[in-house]
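Here's the structure, in structure tokens; my notes come after.
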Amino acid sequence: MNERRIVLIAIICSGMILMSCSRENRANEEEIENIRSSMESFLHARTVAILHDTALPDSFSALRQKMVSTSAVDIIREAMKAEEDSVQKLRLRYLQWFVGDIVNGSTEGVSIEKVLGFGPYRTLLEERYGVSPADLRKRANAILDSTERDFLDMKARFGAEPQFNLARYNRFFPGDSVVSHGRIALRTMGLQTARRPMISADPQIGEIRFSTTDVGNEVDLRVPQGDGVDSYRAAWYGIGEAAYIGNVDELAIEFKNIVDEVTVKAYGYLFRELVSSHIWLRQRTRLSVADLKDIVLYQAYVRLAEIRALARETLSEIKQVEEGTVGQEHETLKALIKFKSLLMASQLKQYLGNSYGQNWFENPEAGRFLRGIASGGSRTLSNDIFSKIQADSLSEVSLVQEIRQMVVFSAKPFVAAQKTPR
């Protein structure tokens, strides 16, 4: 009898515990949805104020304070421990990162790694950005070692710094043609979206805008408008980011804040380097053969100087991360993200060239592939893309090869295509 009573009591107690857990889980879910709703309202208010150049509403401060004062990060962290679904866990991780940024910005003297509950700063890099300091160190050293001779050869030709007088070529790169060129490329590849036109020029402020709108959310990218190769490169970088953001399936209100920056920037660099492609330049400009070769060679030197300088900066930043002496966390992030994005863009470009031809920027199939990657939005991390481009991991090889091919093109005698006699 006593045994039956003990079993019965145990069953009743376990049921009470389950009911208690269930109620607690429901409370946590409701609280998390409240946090997400507050975050969306917070971002929407800030975005509207920025776009329309108006003052922030009074509710803005209240929303910020609510996210800071409700121990939101702790609530989300506890929910993550009990979550088994990988997608939901990823959503919670994104929410944790964003709220952590808000808390960090509102709490003077508290580093974001402490807010998020991570250990060393490198964990933040790896968890949030997929940036492995050890891997980037390997790539940076490989670039410096493998390109030293190339760089010295170009340095002897151009001088100590990658400077080149392009003023005489400005007429071939008028700023008012960037918008039409960008629309042609995106339309040809099928990367335009049903959202409002993504590319527009604002002559009053001298900027080109790349915008997309969805369910009250606005992502607005701006680059200076002007003539010349450098302006074109900057504008085409914006076109690349717009192509990615404009093709996300569900552009959540928090997208711009939680998306993997490496992937977005890789799209930017992918399109930016079209302006150094002799194929694209031959189609879009009226450069003579001699001028075309000069510009391609110059840009090879600029890109090599850029990537080598960034490789050295990356090594310096990684040393600080490993020694625990990181000064400006955002500067470290910017350097490491840019380095990984440049390498990734070259791998993506190599895959597109091999799969869809050197004129991949005119191929709707290539556009469909790029749209497929972008559609995942914040559900697609940069490391997920390697399998899509049939690469094992991040590599510097394709970037080095691309720069060398630009040099080879500039040195080769040009032979005009001859018509096949009938």
Inset, instruction - List the atom of Leu281, the atom of Ile295, and the distance in Å for their closest heavy-atom pair. - result: CD1-CG2, 4.2 Å
Inset, instruction - Output every pair passing salt bridge (charged side-chain N to carboxylate O under 4.0 Å, His left out) with a member in residues 390-400, not counting sequence neighbours, ordered by first then second residue. - result: Arg139-Glu396
Legend entry - Test applied, side-chain hydrogen bond (donor to acceptor under 3.5 Å, both in side chains); reference residue, Gln299; option that passes from Arg233, Glu273, His278: Arg233
Legend entry - Sequence-distant partners of Asp153, salt bridge (charged side-chain N to carboxylate O under 4.0 Å, His left out), two or more places apart: Arg149
Inset, instruction - Kindly write out the residues that satisfy side chain to side chain donor-acceptor pair (under 3.5 Å) with Lys265, not counting sequence neighbours, or none if the list is empty. - result: none
Legend entry - Set of salt bridge (charged side-chain N to carboxylate O under 4.0 Å, His left out) partners for Arg308, sequence neighbours left out: none
Legend entry - Pairing residues for Val408 by the side-chain contact (heavy atoms from CB on, under 4.5 Å) criterion, not counting sequence neighbours: Lys412
Inset, instruction - Would you name the heavy atoms of Trp360 and Met189 that are closest together and state the gap between them? - result: O-CE, 3.7 Å
Inset, instruction - Applying side-chain contact (heavy atoms from CB on, under 4.5 Å), run through Ile239 and Val178 and close with a yes or a no. - result: CA-CA 9 Å; Ile239 290 172; Val178 175; 4.3 Å; yes
Legend entry - Considering all heavy atoms, the nearest Leu186-Ala243 contact: CD2-CB, 3.7 Å
Inset, instruction - Could you tell me the separation between the CZ atom of Arg303 and the CZ atom of Arg272, rounded to the nearest 0.5 Å? - result: 7.0 Å
Inset, instruction - Can you see which heavy atom on Gly226 is nearest to which on Ser231, and at what distance? - result: O-CB, 3.3 Å
Inset, instruction - Determine, for Lys338 against Glu317, whether the closest basic-nitrogen to carboxylate-oxygen distance falls under 4.0 angstrom. - result: no
Inset, instruction - Assess whether side-chain contact (heavy atoms from CB on, under 4.5 Å) is satisfied between Phe386 and Leu394, documenting all intermediate values. - result: CA-CA 8 Å; Phe386 291 124; Leu394 190 69; 3.8 Å; yes
Inset, instruction - Report the residues that fulfil ring-ring contact (aromatic ring centres under 6.0 Å, His included) with Phe172, sequence neighbours left out, ordered by chain and then residue number. - result: none
Inset, instruction - For Tyr237, enumerate each residue passing the side chain to side chain donor-acceptor pair (under 3.5 Å) test, keeping only those at least two apart in sequence or located in another chain. - result: Glu241
Inset, instruction - Answer yes or no: is there a donor N or O on one side and an acceptor on the other, between the side chain of Ser410 and the main chain of Lys293, under 3.5 Å? - result: yes
Inset, instruction - Give a yes or no on whether Glu148 atom CD has more than 12 heavy-atom contacts from other residues, nucleotides or ligands under 6.0 Å away. - result: no
Legend entry - Leu370 backbone acceptor or donor facing Tyr267 side chain under 3.5 Å: yes
Legend entry - Residues which pass side-chain contact (heavy atoms from CB on, under 4.5 Å) with Arg171, listed by chain and number, not counting sequence neighbours: none
Legend entry - side-chain contact (heavy atoms from CB on, under 4.5 Å) partners of Ile184, counting only residues at least two apart: Arg187, Thr188, Arg284
Legend entry - Phe151 vs Ile307 side-chain heavy atoms within contact, under 4.5 Å: no
Inset, instruction - Please name all residues satisfying side chain to side chain donor-acceptor pair (under 3.5 Å) with Ser346, sequence neighbours left out, ordered by chain then number. - result: Ser398
Inset, instruction - Give, for atom OG of Ser395 and atom CG of Asp135, the distance between the pair rounded to the nearest 0.5 Å. - result: 9.5 Å
Inset, instruction - Would you please name every residue forming a salt bridge (charged side-chain N to carboxylate O under 4.0 Å, His left out) with Arg404, sequence neighbours left out? - result: Asp150
Legend entry - Inter-residue atom distance Leu310.CG - Leu315.CG, 0.5 Å rounding: 10.0 Å
Legend entry - Stepwise salt bridge (charged side-chain N to carboxylate O under 4.0 Å, His left out) check, Arg368 with Glu365: CA-CA 5 Å; Arg368 189 172 293 112; Glu365 290 298 320; 2.4 Å; yes
Legend entry - Spatial distance of atom CZ (Phe271) from atom CG (Leu191) [nearest 0.5 Å]: 5.5 Å
Legend entry - Closest non-hydrogen atom pair, Ala234 against Val223: O-CG1, 3.6 Å
Legend entry - Check: Arg137 side chain, Ile318 main-chain N or O, donor-acceptor pair, under 3.5 Å: no
Inset, instruction - Check for a donor-acceptor pair, side chain of Asn247 on one end and backbone N or O of Arg371 on the other, with a separation under 3.5 Å. - result: no
Inset, instruction - Measure across Ser146 and Val400 and return the closest heavy-atom pair with its distance rounded to 0.1 Å. - result: OG-CG2, 4.0 Å
Inset, instruction - Measure up the Tyr356 and Tyr351 rings against each other and bin them: parallel (under 30°), tilted (30 to 60°), perpendicular (over 60°). - result: perpendicular
Inset, instruction - Identify, with sequence neighbours excluded, every residue that meets side chain to side chain donor-acceptor pair (under 3.5 Å) alongside Gln347. - result: none
